[in-house]
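To keep things clear, I will list the structure first and then write my remarks on it.
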Amino acid sequence: MNFTLCSSSSELRYPFVEGLPCTNKNMLESELYVKVDNFNNKDKNRASNHDARKLVMSSNLMPQPLKGSYVGKKHLQEPGQKLEFVRTLLIDNYDSYTYNIYQELSVINGLPPVVVRNDELTWKDICYYLYEENAFDNVVISPGPGSPTCPADIGICLQVLLDCWDIPILGVCLGHQALAYVHGAKVVHASEPVHGRLSEIEHNGCRLFNDIPSGHNSGFKVVRYHSLVVDVESLPDELIPIAWTSSVDALSFIETHKCDVPSEFAAGSFSRKVKNGSYSPFGHSGKLQSEKVLMGIMHSTRPHYGLQFHPESIATCHGRQIFKNFREITEEYWLSSRASFLQERNFDYTACVQIPHVSRLFTEVPRHRQLVNNANGQLYRKASRSNLLENSEGNRSCSGMVDMVNLLHPSNGVKYLKLKWKRFKNLAGQVGGAKNIFCELYGHHKAENTFWLDSSSIEKRRARFSFMGGKGGTLWKQLTFKLSDRSDMTLKGRGFLSVEDAQGSTKSTILEEGFLDFLKKELLSFCYDEKDYEGLPFDFHGGYIGYMGYSLKVECGALSNRHKSGTPDACFFFADNLVVIDHSSNDVYVLSIDEGCTSKTPYLDDTEQKLLSLKTSATKEGEEPNLQALTSSQCQASFLADKSREEYIKDVDKCMEYIKDGESYELCLTTQMRKKIGEMDSLGLYLHLREKNPAPYAAWLNFSKENLCICCSSPERFLRLDRNGILEAKPIKGTVARGATLEEDEQHKLQLQYSEKDQAENLMIVDLLRNDLGRVCEPGSVHVPHLMDVESYATVHTMVSTIRGKKRLDVTAVDCVRAAFPGGSMTGAPKLRSMELLDSIENSSRGIYSGSIGFFSYNQTFDLNIVIRTVVIHEGEASIGAGGAIIALSNPEDEYDEMVLKTQAPAKAVMEFL
């Protein structure tokens, strides 16, 4: 299902309102900060005295066309005195949709906005950048969890709205509520929380809605994520209603897109006439007719606007036009206010503003750092990874970020890797397939220290390659990472790393900056020749392969982990030897990497002989190998859940209360089921699971030293980065059981496709993943080629969407993972607040479940799944995690049944095998 945002151009004429009063002069030093026609920075020393509050600055996020000759010049388009680009300060209220706004503004404004969190700058900082430096033309206040009545939720935004009376401001959702609240209106619970659902909108024809139709069947449909609303009766006279829902009921995505939405509308197509530009459906009493919900407001004398709905959502029509209109409102406001504005615009300053929030994707930096003027775009230089390290001079990041090029761990030197490989055409089918190859090459000795990324479900091109290997090469090693004591909130990602090399020697060290930082440095230490892998149709050529547990969220922005995982928080092999199977062509590839140059290829030669001998004695395809399950008396009881049905339903009720109060839009509640199994043939169990429940992102991992085996049959991709720099996420939200007959099965599939609840769940996570990719992708590149497709597997139908974007050149593979981990389909939205709430509800660590399994190739590609439908076997116990997304439309009993459904395939496989 495809969806295209509607967009058209318009010319706005915003009348300048003279004599705007300063509402709170005590909060604003008028002689220094208020913009006046003859603005002059009288106090040059003030800038130097401001170092303690200065923002991290860089130009690495400026689009390539805006660099060089544009910097420091006046930006006029003749005729018409229009600005070539507009500079926006985007205040993030810790939301998971802020970077969707960021992407839209980057395209509309011609320049990426500067993003700061609502507690990142003091009021003095805000005044400095807005008034002393003239660094911004407008302000956008993001959505967010909570309420504008709570200072911790809204931060600096209220003061900005109150005292920046002469700056164009647009508030979205929470920002809209803040605009109303700061002027005396009440924010109350909505009669019904609406999240991930759509409404048709009427408006009064004001300039924010220029060239946008209005009313029922007009095509103006928007996505809503809110539990609170502005009380219409409490609106003060200075706030004017400008938009409202055209009907009482919210609609599902499918209901609103039964036919194509027209992209253009003739003038006068509004369903209601505008009288003097001020029509609204309010009676004299101020009540909204038919209980329609207020969706937009504007200030009568200030250039301030608020929208309750989300114009940045993938499913909102005309969202981009709204942002374009706000840009034009900004242009008209400033160009009408004074002729000297263009001379005062300090673009050279603003072009260098680095987003401090994004900087923390790369490393923790002090909140306030020295201003650095770096407008030469040096981080955009194109270079092969093979020579980046040689060019470390001149590649210093002046933004406060960790250097993207020479990030070597003190104990690591540069590693020059050489790849050798062989291809055997059509061999997989001749030797009985991937299962026989794995069992022959790696299935001996309980398959200790082996891995298998297993595309066991390849229909409809969901997956094409399988990767397998084990201990043996000289570069092989195992990384085992455990986070330190969770009670120490100051330690964040600090933990203990154990490294076992190919000779069996083990070294342990403390990682002060966490595992992901270490992994990033490791990958950046590799040098190689791109010609080595020319001709290979896949992206994993050797490197790290393993898992990241859910608790690594503390290295990705989460405040803490309430529960300690019994398994390591991350385990990876460095795979220097591996076998790859191309399920499309049945070709088999054997790969080996080594340091330096060597003509010897013992692994390639030995593996070739084993494969050829397997060819002559291959088990016929489909024939079961002779595998024995070791049973014990402990294996008779069924799995026991961490929480009873009643307790789980009570947890669902808690989640729905948080959602009702506006603390979250969606909470992905989970629990664990466990069973003591004693000694067993774990590989045999995995082979049984892959037969009964084949999946495109299945995996087998055996970390023998940790007494840990992972049998995964995941249908969900978390994130992939290919050699062309394309990021792809494929979140699943919406699951229903297969039917017993073809007719019943089709009914179940249609039930999922048209389920309002499942569509809402999926839409929320699609917008969340767009946000996560938007943090690290080039402006304008994030798109959704497939929205809410239904895919069928052995036991369930699932609703899947695909999000893609082009990675920015200044971020690494690990940066991309840090921006999006854990997968949004396992957290809910907004992600940070949702994870915090879930930690307080769930009574045990998720461990490996909800994390990711996959590879990081030495050439900076990766592919990771979401760990679901998985049996984790650790120290004689099997555990299965499962859960579901709780939203305002949830039914607690149904949520419990869905959770149980998701455990059935792996649990049944265990019980059948024992």
Side-chain angles (χ1 to χ4, degrees), residues 94-97 144-146 152-153 193 195-196 225 227 483 486-487 489 492 548-566 569 641-644 647-673 716 718 731-733 735 760-761 764-765 768-769 771-772 820-852 866-868 870 879-890 892 895-896 898-899 902-903:
Y94 287 84
D95 196 52
S96 287
Y97 300 148
D153 292 339
H195 297 109
Y225 295 113
S227 299
L483 286 162
R486 300 332 188 256
S487 64
M489 301 288 291
K492 300 296 288 183
M548 300 185 300
Y550 178 75
S551 293
L552 279 191
K553 69 182 192 291
V554 295
E555 297 190 22
C556 306
L559 289 175
S560 64
N561 284 312
R562 182 184 178 194
H563 309 290
K564 183 177 178 65
S565 175
D569 296 296
D642 281 0
K643 290 194 175 182
S644 66
E647 289 172 325
Y648 191 83
I649 288 174
K650 188 178 292 185
D651 287 347
V652 174
D653 288 333
K654 287 181 185 177
C655 291
M656 295 180 71
E657 280 298 313
Y658 283 127
I659 291 168
K660 179 183 176 183
D661 290 338
E663 296 296 323
S664 177
Y665 318 138
E666 176 174 356
L667 289 164
C668 297
L669 179 68
T670 74
T671 189
Q672 299 267 339
M673 295 189 174
E716 182 172 1
F718 163 48
I732 289 176
K733 267 289 159 267
T735 303
E761 287 182 21
M764 280 187 261
I765 299 306
L768 189 156
L769 265 297
N771 173 87
D772 290 350
F821 187 84
S825 62
M826 304 308 297
T827 64
K831 184 185 284 186
L832 294 180
R833 178 69 62 88
S834 296
M835 289 191 294
E836 185 179 345
L837 295 173
L838 290 166
D839 252 13
S840 71
I841 297 172
E842 297 175 358
N843 64 350
S844 63
S845 170
R846 296 189 184 184
I848 299 167
Y849 169 67
S850 298
S852 292
I866 295 286
V867 180
I868 54 177
T870 297
S879 62
I880 300 170
I886 313 303
I887 66 172
L889 295 174
S890 290
E895 293 296 343
Y896 177 79
E898 181 180 334
M899 181 274 293
K902 292 172 180 177
T903 67

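Note that the structure is a prediction, hence the values are computed from the model and not measured.
A salt bridge links Lys553 with Asp839: the closest approach of a Lys/Arg side-chain nitrogen to an acidic carboxylate oxygen falls below 4.0 angstrom.
Evaluation of the side chain to side chain contact (heavy atoms under 4.5 Å, CB included) rule for Asp653 yields Ile649, Pro892 as partners, not counting sequence neighbours. Under the rule for a salt bridge (Lys or Arg N to Asp or Glu O under 4.0 Å), Lys733 has no partner lying at least two apart in sequence or in another chain. Not counting sequence neighbours, the partners of Lys654 by the side chain to side chain contact (heavy atoms under 4.5 Å, CB included) test are Asp651, Ile841. In this structure Glu895 satisfies the salt bridge (Lys or Arg N to Asp or Glu O under 4.0 Å) test together with Lys757, sequence neighbours excluded. Residues that satisfy the side chain to side chain contact (heavy atoms under 4.5 Å, CB included) test with Glu836, not counting sequence neighbours, are Leu559, Arg833. With sequence neighbours left out, Ser845 forms a side-chain hydrogen bond (donor to acceptor under 3.5 Å, both in side chains) with no residue at all. Residues passing the side chain to side chain contact (heavy atoms under 4.5 Å, CB included) test with Ala641, sequence neighbours excluded: Met673. Applying the side-chain hydrogen bond (donor to acceptor under 3.5 Å, both in side chains) criterion to Thr903, with sequence neighbours excluded, gives no partner residue. Annotation: ring pair (Phe, Tyr, Trp, His ring centres under 6.0 Å) contacts of Tyr550 (sequence neighbours excluded): none. Judged as a side-chain hydrogen bond (donor to acceptor under 3.5 Å, both in side chains), and not counting sequence neighbours, the contacts of Ser850 are Arg846. Listed by chain and number, the residues in a side-chain hydrogen bond (donor to acceptor under 3.5 Å, both in side chains) with Ser227 are His195 (sequence neighbours excluded).
Under the 3.5 Å distance criterion, the side-chain polar atoms of Ser96 are matched with a main-chain donor or acceptor of Lys831.
Between Ala882 and Lys902, the shortest heavy-atom distance links the atoms CB-CB, 4.2 Å. The minimum heavy-atom distance linking Leu483 with Ser551 is given by the pair CD1-O, 3.5 Å.
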